[in-house]
Amino acid sequence: MKKNTLPSSRTNPGKTFYEKVYELVRRIPAGKVTTYGIIAEELSIRSAARMVGWALNHADLETVPAHRVVNRNGELTGKGHFPTPDTMRRMLETEGVSFRPDGSVNLERHLFRFTRSL
DNA sequence: GACATGACGGCAC
DNA sequence: AGTGCCGCCATGT
């Protein structure tokens, strides 16, 4: 049997690291974005935000809205992993996300925070 | 098994 | 305020 080559993640005993990331990303509503750091924090690995990006790199863009994840500056650092360099931005704009003159996402307006206490 | 790399973040300078 | 280095977790060579 093909063992799941997915990371066992000592920080995530049950589900795999990927699943956790994808699940969170799927919670991001259209028109909103979140950062790698925030997701990492939700996963209790704040200092390893890079892992989030790494997980998204293995994500299925068809089922995971990876375009809604930007870095802390609101920059579309993952655009290079989409079909074309402007795919990410176009998708966000389509969802109503506004950008700043420098091309970064206006986090003040679109930053989504995972509300745990509802 | 060691070393380098990665869709990052925080802190020091 | 901008630049640089280190940390952190998993993977590939």
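Every chain is numbered from 1 and lettered A, B, ... according to where its sequence line falls, protein lines coming before strand lines. Values below: every heavy atom of this structure, side chains too, minus hydrogens, waters and symmetry copies.
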Taking the same atom, P, in B/dA7 and in C/dG2, what whole-Å distance lies between them? 24 Å
Tell me every residue that passes ring-ring contact (aromatic ring centres under 6.0 Å, His included) with A/F82, counting only those two or more places apart in sequence or in another chain. none
Every protein N/O lying under 3.5 Å from an N/O of nucleotides 9-12 of chain B:
{"residue": "B/dG9", "atom": "OP1", "partner": "A/G37", "partner atom": "N", "Å": "3.3"}
{"residue": "B/dG9", "atom": "OP1", "partner": "A/R72", "partner atom": "N", "Å": "3.1"}
{"residue": "B/dG9", "atom": "OP2", "partner": "A/R72", "partner atom": "N", "Å": "3.0"}

Would you please indicate yes or no on a ring centroid separation below 6.0 angstrom for A/W54 and A/Y18? yes
A/L43 CG to C/dA10 P, straight-line distance once rounded to whole Å: 11 Å
Assign A/A55 to base, sugar-phosphate, or nothing according to its heavy-atom contacts below 4.0 angstrom with the strands shown. nothing
Could you pick out which residue, A/A48 or A/H58, lies toward the 5' side of DNA chain C when each is mapped onto its nearest nucleotide? A/A48
Pairs involving residues 49-76 of chain A, ordered by first then second residue, that meet salt bridge (charged side-chain N to carboxylate O under 4.0 Å, His left out) (sequence neighbours left out): A/R68-A/E95
Gap between atoms NE2 and C1', on A/H81 and B/dA7 respectively (whole Å): 5 Å
Output the rounded distance in Å from CD (A/E42) to C1' (B/dC8). 16 Å
With heavy-atom distances below 4.5 Å as the criterion, would you say the side chains of A/V69 and A/I28 are in contact? yes
Euclidean distance, atom CG of residue A/N57 to atom P of C/dA10 [Å, nearest integer]: 16 Å
To the nearest Å, give me how far apart CD (A/E75) and C1' (B/dC8) are. 11 Å
I need the CZ-P distance between A/R50 and C/dT11, as an integer number of Å. 14 Å
Can you list the residues that meet the salt bridge (Lys or Arg N to Asp or Glu O under 4.0 Å) rule with A/R89, with sequence neighbours excluded? A/E93
Residues forming a side-chain contact (heavy atoms from CB on, under 4.5 Å) with A/L107, sequence neighbours excluded: A/V33, A/V70, A/V105, A/L111
Interatomic distance, A/W54 CH2 vs C/dC9 P [rounded to whole Å]: 13 Å
With salt bridge (charged side-chain N to carboxylate O under 4.0 Å, His left out) as the rule and sequence neighbours excluded, what pairs involving residues 96-109 of chain A come up? none
When the distance from CD1 of A/I39 to P of B/dG6 is rounded to whole Å, what number comes out? 20 Å
